[in-house]
J.: 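I'd like to ask some things about the structure below.
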Amino acid sequence: IDPKGEGEVGADDLVAAVEKMMQPSGASRANLKRAREREASRLASAEAKRSKARELVEKMDDMEASGALLCLRAIEAFMRKACLRIVDLFAKMDASGDGTVTAEELRKGLKKCGLKMKRKDVVLFVRYVDLDGGGEVSMQELEGAVRELRRFNWEKQAFSKLLNSSGAPLPLRCAGELQLWRPSKNI
């Protein structure tokens, strides 16, 4: 406490000594730094998940607005009911065997499977799912659309279970004001 070794401790010396004793140790600072890094990583991971979920919801909204979601839901439900893989379903649809299906091939294939879809709905589906703009759907494009729908349905179920099981209010920011929202039983 006596930095000059004079045998006397002044007020400034006493304040400096107390401040030094109050400082965390090197190990404590290292632990705090690691904890902050873990928290930052956790927050970044959570934000990335929220961003992906938002993108998925936007895609499904776009698909619904375009009219393609009706056809995709029918295809996915049929695949589940018949225990079909995409490869098997696509083989039934691809009459020409060229690895892609046109809207007409898809409509006829769906009809053979017992799914009666309007031509307009199938055309809207093909336009939406056809990523390369060729007017035909490849197996990869169909598989991607079905996977997105399944992922969306899974995320929606998981979110609903979380809200219903926790019973805790969900903090939402509305018009710049923080409000608590409690889930209803019928989500």
Side-chain angles (χ1 to χ4, degrees), residues 45-175 179-187:
S45 175
E47 181 54 36
K49 286 179 182 177
R50 281 192 296 275
S51 178
K52 281 186 177 183
R54 277 192 298 271
E55 287 175 16
L56 190 59
V57 167
E58 287 172 6
K59 274 188 174 182
M60 289 298 120
D61 287 346
D62 289 347
M63 193 178 286
E64 188 166 20
S66 74
L69 192 57
L70 178 70
C71 188
L72 181 60
R73 282 190 172 141
I75 290 170
E76 199 275 337
F78 173 75
M79 287 175 58
R80 284 195 184 276
K81 185 177 177 184
C83 296
L84 282 176
R85 299 175 304 161
I86 296 216
V87 175
D88 303 326
L89 179 69
F90 199 81
K92 288 183 177 196
M93 306 288 169
D94 189 11
S96 63
D98 62 355
T100 60
V101 291
T102 62
E104 192 57 31
E105 279 180 311
L106 184 61
R107 193 180 68 76
K108 286 180 181 177
L110 290 172
K111 191 175 182 180
K112 274 196 275 184
C113 293
L115 293 172
K116 294 180 182 170
M117 300 294 301
K118 294 178 185 173
R119 178 173 276 122
K120 177 187 92 171
D121 293 334
V122 175
V123 168
L124 290 172
F125 174 74
V126 168
R127 280 187 194 152
Y128 188 84
V129 174
D130 179 24
L131 300 176
D132 61 8
E136 298 178 330
V137 176
S138 69
M139 186 175 69
Q140 290 79 15
E141 291 169 331
L142 180 62
E143 182 178 22
V146 170
R147 281 179 191 236
E148 283 179 351
L149 177 65
R150 287 179 175 170
R151 179 73 182 177
F152 175 76
N153 290 339
W154 182 85
E155 293 277 349
K156 193 165 83 172
Q157 281 181 334
F159 184 67
S160 179
K161 282 180 187 176
L162 174 72
L163 287 178
N164 288 329
S165 68
S166 72
L170 181 65
L172 297 176
R173 193 163 295 280
C174 185
Q179 299 177 356
L180 295 178
W181 175 79
R182 291 196 182 273
S184 65
K185 296 291 182 194
N186 56 3
I187 287 184

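Owing to the predicted nature of the structure, the values given are computational and were not obtained by experimental measurement.
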J.: May I have all residue pairs that pass side chain to side chain donor-acceptor pair (under 3.5 Å) and include part of residues 128-137, sequence neighbours excluded?
T.: Thr100-Glu136
J.: List for me each residue that meets side chain to side chain donor-acceptor pair (under 3.5 Å) alongside Arg73, sequence neighbours excluded, and say none if there are none.
T.: none
J.: Using 0.5 Å steps for rounding, measure from the CD1 atom of Ile86 to the CD atom of Glu141.
T.: 12.0 Å
J.: Who passes salt bridge (charged side-chain N to carboxylate O under 4.0 Å, His left out) against Arg150, sequence neighbours left out?
T.: Glu76
J.: CG of Leu89 to CG of Leu142: how many Å apart, nearest 0.5 Å?
T.: 6.5 Å
J.: Determine the minimum heavy-atom distance between Ala103 and Val123, stating which atoms define it.
T.: CB-CG2, 3.9 Å
J.: Return the set of residues passing salt bridge (charged side-chain N to carboxylate O under 4.0 Å, His left out) with Glu47 (not counting sequence neighbours), or none when no residue passes.
T.: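 If we apply the salt bridge (charged side-chain N to carboxylate O under 4.0 Å, His left out) test to Glu47, skipping adjacent residues, the hits are Arg50, Arg54.
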J.: Kindly write out the residues that satisfy salt bridge (charged side-chain N to carboxylate O under 4.0 Å, His left out) with Asp88, not counting sequence neighbours, or none if the list is empty.
T.: Arg85
J.: Name all residues meeting the side-chain contact (heavy atoms from CB on, under 4.5 Å) criterion together with Ser96; count only those two or more places apart in sequence or in a different chain, and write none if there are none.
T.: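 Testing Ser96 for side-chain contact (heavy atoms from CB on, under 4.5 Å), a comparison that skips the adjacent residues, returns Asp94, Asp98, Glu105.
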J.: Applying salt bridge (charged side-chain N to carboxylate O under 4.0 Å, His left out), can you list everything that pairs with Glu104, at least two apart in sequence or on another chain?
T.: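 Here the qualifying residues are Arg107, Arg119.
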J.: Please tabulate, for side-chain N and O atoms in residues 110-118, each donor-acceptor pair with protein atoms closer than 3.5 Å (sequence neighbours left out).
T.:
none

J.: To the nearest 0.5 Å, what is the distance between CZ on Phe90 and CG on Leu84?
T.: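 These two atoms lie 14.0 Å from each other.
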J.: I need the Met93 CE to Met139 CE distance, nearest 0.5 Å.
T.: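 It is 13.5 Å, given to the nearest 0.5 Å.
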J.: Of all residues at least two apart in sequence or in a different chain, which pass the side chain to side chain donor-acceptor pair (under 3.5 Å) check with Ser51?
T.: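 Side chain to side chain donor-acceptor pair (under 3.5 Å) list for Ser51, sorted by chain: empty.
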J.: Report the residues that fulfil side chain to side chain donor-acceptor pair (under 3.5 Å) with Glu64, sequence neighbours left out, ordered by chain and then residue number.
T.: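 Residues passing side chain to side chain donor-acceptor pair (under 3.5 Å) with Glu64: none at all.
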J.: Output all residues satisfying side chain to side chain donor-acceptor pair (under 3.5 Å) with Asp121, sequence neighbours left out; order by chain, then residue number.
T.: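 With sequence neighbours excluded, Asp121 shows a side chain to side chain donor-acceptor pair (under 3.5 Å) to no residue whatsoever.
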J.: Does some side-chain heavy atom of Val101 sit less than 4.5 Å from a side-chain heavy atom of Val126?
T.: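 SC-SC contact between Val126 and Val101 ruled out.
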